[in-house]
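Worksheet: one structure, shown below.
Proteins get letters first, then strands, A, B, ... in listed order; numbering begins at 1 in each. Quick caveat, the model's predicted, so the values are computed rather than measured.
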Amino acid sequence: MRVEELKSLGVDERVIRLIRERGIEELYPPQAEALKSGVLNGKNLILAIPTASGKTLVAEIVMINKILREGGKAVYLVPLKALAEEKYKEFKFWEKLGIRIAVTTGDYDSAEEWLGRYDIIIATSEKFDSLLRHKSPWIKDVKLIIADEVHLLGSYDRGATLEMILAHLRDKAQILGLSATIGNAEELAEWLNAELVVSEWRPVSLKRGVFHHGQLFWEDGSIEKFPSQWDSLVIDALKKDKQVLVFVNTRRSAEKEALLLGGKVQRFLSKPEERRLKQIADELESTPTNEKLKEALKKGVAFHHAGLGREERSIVEEAFREGLIKVITATPTLSAGVNLPAYRVIIRDTKRYSNFGWSDIPVLEIQQMMGRAGRPKYDKEGQAIIIAKTEKPEDLMKRYIFGKPENLFSMLSNEASFRSQILALITNFGVKNFRELIEFLEKTFYYHQRKNLEALEGKAKDIVYFLLENEFIDIDLNDQFMPLPFGIRTSQLYLDPLTAKKFKDAFEKLETNPNPLGVFHLLASTPDMASLRIRRKEQEDILDYAYEMESYLYQNIPYWEDYKFEKFLGEVKTAKLLLDWINEVPEARILETYDIDTGDLYRILELADWLMYSLIELYKLSSPKKEILEFLKQLHLRVKYGVREELLELTSLPMIGRKRARALYNAGFKSIEDIVKAKPSELLKVEGIGVGILEKLYQHFGVELPKVKAKKKQEEER
DNA sequence: ATGCCTATTGTGCAGAGTGCTACTG
DNA sequence: CTGCACAATAGGCAT
């Protein structure tokens, strides 16, 4: 279908003009089909088509057109923060029409009114759920919800959130669900009373195959011969001047394969490429993992997993897009994350370790990895190849290439999500009694799918009892629910009620024995913290530590036979790490002693920051003691900045974190006053303080020093 | 026969990723 | 279940 024909479907002229300005004249068949489905007239739609086949454009046309014609807001839900950022950049294009676009993820809060000024709001499901709980006034203006990757409804730990959002809004706003190909798309569409458009069409054709001992069995039946090792597939692609993406199932494998492949990739690099890569590698900070990354980078290869810091990840992604990096070995971070296609995708592993032992990776996920093959503007086709090791190649072919992806199942019954969702329904969404609760549950996909609420009712009852018992809610003589402040706040803070209960139970000990380790262990022991796991070899050391510090902890040390024992040690380890952090142990040493990666450290710190905040908020509700509150607030700041008490004044300044604050302090600038009084030239001698930083500081103080400007010029000239 | 080094076999361990607050500019 | 690190054992060689 030609873009002009959109006019006959009622699309605004301005939208059509801008699309053509982008150089798009012809819509892809599934796009056309989707737009003809009635979605432009307000009908709900589930669009199940492969990644990179133009879902976003459909969403854009529907959104913009709706806003131009009817006003109101559109909310675009994504599963990942990184994706929110990506979409924001894409949608910014429409600002030309006066459309205002905002992103809101956990990074900066905003239940607040400012979002009311925007037309398109991009959010993660959790963030939007949280906004719903805060009853943001603009929610009533939301006329359209777009759920990207709506198949994540079936994800064990995060699916329930998305399901509840859709259950809340399915009568109030138009819904457009963008999905990967799933087994039971019809069922999902039925639930949402939506039209369904399914297609396998891709703008770049995809050729799939299975590799086994030097034989590559393509899906069309043809067989290609290669040297017996699978890495020959990588070399082969490089000879064709193409890039490769290799998916593996552990971080360690990703690193190992990257270094191994590096030796074979290096000779394909041009001199300038080699120089650029070396330059990029040299700029990276030095940590154990980064050393490996640097080594690989110099050879034109990189690994990509959640242990990498944000900085490293985006450097790798960028360099791959530029074509500098020829091969990336990755864990699933890349299969679901940002869009990073390659000519050839190799899937080395089809099994993965989970909490329940080893299991086959779902068809849906493997197909998403395979979907990464083929760069729309550069390649005529993409290739996805699964490596068979012990498995029979024909089995893999049957399961992953010709097989149907799994059905989607409601994950509302997952206890942790259900607990938090029921609390929210009662405290934030005005559900007044058990009958109303059940009525609401009848709107869910869970009910649609099973037509039987008995199991869910039982669970709901248990949870309601739990909430009553622990004073999240109360109940009056007519069996009407009455939200209590503790419950309302727990729900708004987006805490697992179990976490909140743990906090509350610890208030007494907190008051009699306030100390950082005790608090950190409390945080670490909640279900909302991703505590470290303990290695066999560390067990003894950590246990010794726990005994040594027993008097500081708010919980007893369990017996070693106790199933909680290992978990407990992991929590102590996490608490110990946080203690090191606020005592200014350098990052590199923390990474080494706890044998973790940058990404893991940041994750723990981020969670600790949030939980510290939440702990304070809940403590405030309990007739708090002033000195305890002060202690907690100070500890929160120390966690946030990773510093001892004495640096807190300095870290309150912009651009001053733990490193610079320490450097300033040691150089004798111990307070803000010291800095204001100091000569700029003196400050510049301190490590980590340059002209740029100094300018920011003076700007903050509200003074401008001509001397600094002069200095800057000097430096620029150099 | 003894001591030392290397190759081979055995044993034990560990293993993906992710979101959620609110302040401020 | 698989790959890896490290330990235990066996084997080879010089003395």
Item to check | side-chain hydrogen bond (donor to acceptor under 3.5 Å, both in side chains) partners of Q367(A), counting only residues at least two apart | outcome: none
Next on the checklist: Once side-chain contact (heavy atoms from CB on, under 4.5 Å) is applied, do any residues pair with E617(A), and if so which ones, sequence neighbours excluded?
Outcome noted: R489(A), L493(A), Y613(A), K620(A)
Checklist entry - D129(A) near the nucleic acid: base, sugar-phosphate alone, or nothing, with a heavy-atom cut-off under 4.0 Å? => result nothing
Checklist entry - When you check the side-chain N and O atoms of E312(A) and H304(A), is any donor under 3.5 Å from an acceptor? => result no
Next on the checklist: What is the separation between atom CG on D496(A) and atom P on dT21(B), rounded to the nearest whole Å?
Outcome noted: 15 Å
Item to check | Which residues share a side-chain contact (heavy atoms from CB on, under 4.5 Å) with L484(A), sequence neighbours left out | outcome: E471(A), D474(A)
Checklist outcome for this item: Output row for DNA chain B, stems defined as at least 3 consecutive Watson-Crick or G-U pairs under 3.5 Å, is B:1-15 with C:1-15
Next on the checklist: R536(A): which residues meet the side-chain contact (heavy atoms from CB on, under 4.5 Å) condition with it, sequence neighbours left out?
Outcome noted: Q539(A), E566(A)
Checklist entry - Rounded to whole angstroms, how far apart are CG on L615(A) and C1' on dA22(B)? => result 15 Å
Checklist entry - So, is H134(A) near the phosphate of dA22(B), with a side-chain N or O under 4.0 Å from OP1 or OP2? => result yes
Item to check | Test side-chain contact (heavy atoms from CB on, under 4.5 Å) applied to L605(A) - qualifying residues, sequence neighbours left out | outcome: L578(A), W581(A), L601(A), Y602(A)
Checklist entry - Taking NZ from K620(A) and P from dA22(B), how many angstroms apart are they, rounded to a whole number? => result 11 Å
Checklist entry - What distance, rounded to whole Å, do you find between the two P atoms, one in dA16(B) and one in dC4(C)? => result 13 Å
Checklist entry - Could E606(A) and K81(A) be called an ion pair, given the rule that one side-chain N must be under 4.0 Å from one carboxylate O? => result yes
Next on the checklist: Please enumerate all residues that pass salt bridge (charged side-chain N to carboxylate O under 4.0 Å, His left out) together with K696(A), with sequence neighbours excluded.
Outcome noted: none
Checklist entry - In chain order, what residues pass the salt bridge (charged side-chain N to carboxylate O under 4.0 Å, His left out) check against D231(A), with sequence neighbours excluded? => result K264(A)
Checklist outcome for this item: Counted 5' to 3', the first and last nucleotides of DNA chain C within 4.0 Å (strictly under) of a heavy-atom of chain A are dC1(C) to dC4(C)
Checklist entry - Is R348(A) touching bases, backbone alone, or none of the nucleic acid, heavy atoms closer than 4.0 Å? => result nothing
Checklist entry - If you look at every strand shown and take non-hydrogen atoms under 4.0 Å, does K389(A) touch a base, only sugar-phosphate, or nothing? => result nothing
Checklist outcome for this item: Across all chains, not counting sequence neighbours, the side-chain hydrogen bond (donor to acceptor under 3.5 Å, both in side chains) partners of R100(A) are D119(A)
Item to check | Distance, rounded to the nearest Å, where Y613(A) contributes OH and dC20(B) contributes C1' | outcome: 13 Å
Checklist outcome for this item: Here the distance between atom P of dC20(B) and atom CG of L423(A), to the nearest Å, is 19 Å
Next on the checklist: Going by the rule side-chain hydrogen bond (donor to acceptor under 3.5 Å, both in side chains), which residues pair with R372(A) if we only count those two or more places apart in sequence or in a different chain?
Outcome noted: none
Checklist outcome for this item: Its contact letters, B for base, S for sugar-phosphate only and - for none at protein heavy atoms under 4.0 Å, make nucleotides 9-19 of chain B read ----SSBBBBB
Item to check | Rounded distance in Å - CG (L637(A)) to C1' (dA22(B)) | outcome: 13 Å
